[in-house]
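Everything below concerns the one structure shown next.
Residue numbering restarts at 1 for every chain, and letters A, B, ... go by the order of the sequence lines.
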There are 2 protein chains.
Amino acid sequence: MRCIDQFKSAAIKNPTLTDVARTAGVSYATADRVANERGNVAQKSVQKVKEAMTQLGYVRNVAAANLSTNRIYRFAFLIPGGKNAFFKRMRLHLQRVSDVMMADRVHIEVIDTDAFKSASLFEGLQQVVASNADGVAVVGLSTSNLEKPLNALRAQGVPVVGLVSDLPTHQRDAYIGINNKVAGRTAGRLIGLSHAGLPGAVALLAGSLKAQDHCDRLMGCREVLEADFPNVELLPTAFTFDDQQKVHDAAVEALASNDRITALYNVGAGNIGLLKALESTARPARFFCLVHELVSHTRTALVNKQIDVVIDQRPDVEINRAMTYLQALVDNRDIPPMQEHVPTIYVRDNVPSDIPETD
Amino acid sequence: MRCIDQFKSAAIKNPTLTDVARTAGVSYATADRVANERGNVAQKSVQKVKEAMTQLGYVRNVAAANLSTNRIYRFAFLIPGGKNAFFKRMRLHLQRVSDVMMADRVHIEVIDTDAFKSASLFEGLQQVVASNADGVAVVGLSTSNLEKPLNALRAQGVPVVGLVSDLPTHQRDAYIGINNKVAGRTAGRLIGLSHAGLPGAVALLAGSLKAQDHCDRLMGCREVLEADFPNVELLPTAFTFDDQQKVHDAAVEALASNDRITALYNVGAGNIGLLKALESTARPARFFCLVHELVSHTRTALVNKQIDVVIDQRPDVEINRAMTYLQALVDNRDIPPMQEHVPTIYVRDNVPSDIPETD
DNA sequence: AACAAAATGATAGACGTCAATCATTTCTAG
DNA sequence: CTAGAAATGATTGACGTCTATCATTTTGTT
């Protein structure tokens, strides 16, 4: 953009620190002292060098710098292990990206954590502290206190990025994830729209009120329906602890007990159970079904018209963003401009065809 | 992932070509000849070197390579100029990204083309051919024949990426953009869902049948409604040539003439005219309004409940992807894994808050 | 003016790759 | 067996930055 004139001419050359030193009228050593803040430089020299930098549009050549220091980026990702399809998808993407990132000297280690055990997270983090990583991304747990290891990391200058579930603001450098209240509101909006003003009743399934994200989603959904769709009644939430069997039973019960039911929204996980319930149970004539997270089985159900909408968090995008953030933080660079990460809505027509099998 | 063991130990080092040569039992020169395909190497040597590479997990250090060749990436983006808010947003993102990319030695030139003039595109491309860019991204035009300049570029080894509107498959290396039939189907699905089985009629506005993307969207929308929502009638399409005034008039007429109208879908541009019409005209009790492309005014209208859904192409994501593709193509690298780019659905709750003003 | 302290200059090796050159060895055909 | 071709080895400078050392100049203090 700023370089159209140069661009046209055959040879473009970025100014080097030597160029800066020359136009500033100082030696390379001094320019270097200024650039790398090594101190022992007179104010007026600092001034001269900085002016030369802006004048020439000097940009530090990160590649050369990394080469000279033999820089390698070692990033650790702490992600819940186990059978959860969403995190499986996340780990799969991480693995794929990892191969490509090798060329950029980015090494990735994935540490499986126990999804709901605070101790496991704590232990994983301590492992990272010891492994002298350059950056860490953590899927946190709102109930666990990770202050000590996180502060230890950040005291070492290791940036920490919260992933999917936020950490206390002062314990991390950035948060990459959706706003779950927004996700809930989005669900509420779509449920409301699907009623076209007709009366209806929504069955709600959630894991537990202890999960902050589930709470937020429920709240968002309720907010929108109460404000904009008084024709839609909210039935009491059933809690499933994200267990497939419990989800199944709750869905069957909801469908059977209330013949006014027109919509079902599962705020949490365990959708396989829900799908089984939908297969075996008669569905009302008017029925709108909405779940979270696009994985192979929810995708199939979407295409097969068992469910109508999937709200997805785009774990691949989140991983990419985490990586970008970590690199920028480590290099002390500007973070590239990126649009706010919001929940994605999939209906059966805009669903990507390349969702990997994770089962 | 593959390097957990190394990761744990304090010092990690990527193998260099010297290491490869050593374990292959050949000189650096020979290893280099293999790595850079310079020829004049015996088959068995090639074999030995390649084996050593896979054995050690050698990955070419792109940073060092680019440093030694003084590589600079010069990418040209041919994007329609003028007042169109969507392309304004695209150019704005390009500009922002450009600043950050300077650190990676990526220079970006944006060439404004005349949105609908084939000659302008042709001229712009010839300009690029002359400017010896390293890669080109073009917003094409289905009606124009760009075979000559495109082939000239690709003959020079300059990768060409089609953006937003596809080019003939054999004339480009990749296409970055949404599938417009999918976009239309998505619109149709949402319109259908919004009727909850009640009867309705959809007013359709489009620019012109000459625009391939508009055709595709109309077709997709019709497909879904006819197949899955027989209760929704499709009214004849009004053609607006993407002119605000014509869009306004068509919308007013549609709302006035047909009291059964329950939805309006503008397949094309000129939404400012539509918004004016919605402000001044009485809307039916049941009314679902859907448009394309999130820009400041459509975002405002979404939040203010004038429209219900915006289907967006995510120009920022498209730009980023184009950049990634071009870099990978130039470096002859693998393209990082990325999920299929599909149209994004925005309702007023999941709409990003940081859409820049482009008016 | 003398002296220490602060600032500056000059320079060199390392990082991994590319792109050369030139000498030497090995292979192949007649 | 030998000339010529093909293959290989050895080596070098450049790219831009970092890090270090050491010599020299300038500054400020008494």
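Of the side-chain N and O atoms in Asn40(A), one or more sit less than 4.0 angstrom from OP1 or OP2 of dA7(C). Look at Arg60(B) and you'll find a side-chain N or O under 4.0 angstrom from OP1 or OP2 of dC18(C).
Without hydrogens or angle criteria, Arg89(A) side chain to Ile355(A) main chain gives no donor-acceptor distance under 3.5 Å. Of the possible donor and acceptor atoms, none in the side chain of Asp173(B) sits under 3.5 Å from a partner among the backbone N and O of Val161(B). Checked by atom type and distance alone, the side chain of Asp134(A) pairs as donor or acceptor with a backbone atom of Arg74(A) at under 3.5 Å.
Separating the CG atom of Asn14(B) from the P atom of dG16(C) is a distance of 9 Å, rounded to the nearest angstrom. For the pair Glu37(B) CD and dC18(C) P, the interatomic distance rounds to 11 Å; values are reported in whole Å. At whole-Å resolution of the value, CZ in Arg22(B) and P in dG16(C) are 11 Å apart. The nearest whole Å value for the distance from the CG atom in Asp32(A) to the P atom in dA7(C) is 16 Å. When rounded to the nearest whole Å, the span between CZ of Arg33(B) and P of dA20(C) equals 13 Å. Here the C1' atom of nucleotide dG13(C) and the CG atom of Leu67(A) are 13 Å apart, to the nearest Å. The CG-P distance, from Asp19(B) to dC15(C), rounds to 11 Å in whole Å.
At least one cation-pi condition fails for Arg91(B) and Phe87(B): the charged atom is not both under 6.0 angstrom from the six-membered ring centre and inside a 45 degree cone around its axis. In this structure, Arg321(A) forms no cation-pi arrangement with Tyr325(A), as its terminal cationic atom is not both closer than 6.0 Å to the ring centre and no more than 45° off the ring axis.
Nearer the 5' end of DNA chain D, as judged by each residue's closest nucleotide, is the contact made by Tyr28(B), out of Tyr28(B) and Asn66(A). Of the residues near DNA chain C, Thr16(B) and Ala29(B), the one whose nearest nucleotide (by heavy atom distance) lies more toward the 5' end is Thr16(B).
Close approach of DNA chain D to chain A, defined as any atom under 4.0 Å from a non-hydrogen atom of the protein, starts and stops at dG16(D) to dT19(D).
Take Arg172(A) and apply the side-chain hydrogen bond (donor to acceptor under 3.5 Å, both in side chains) test, not counting sequence neighbours, and it matches Asp166(A).
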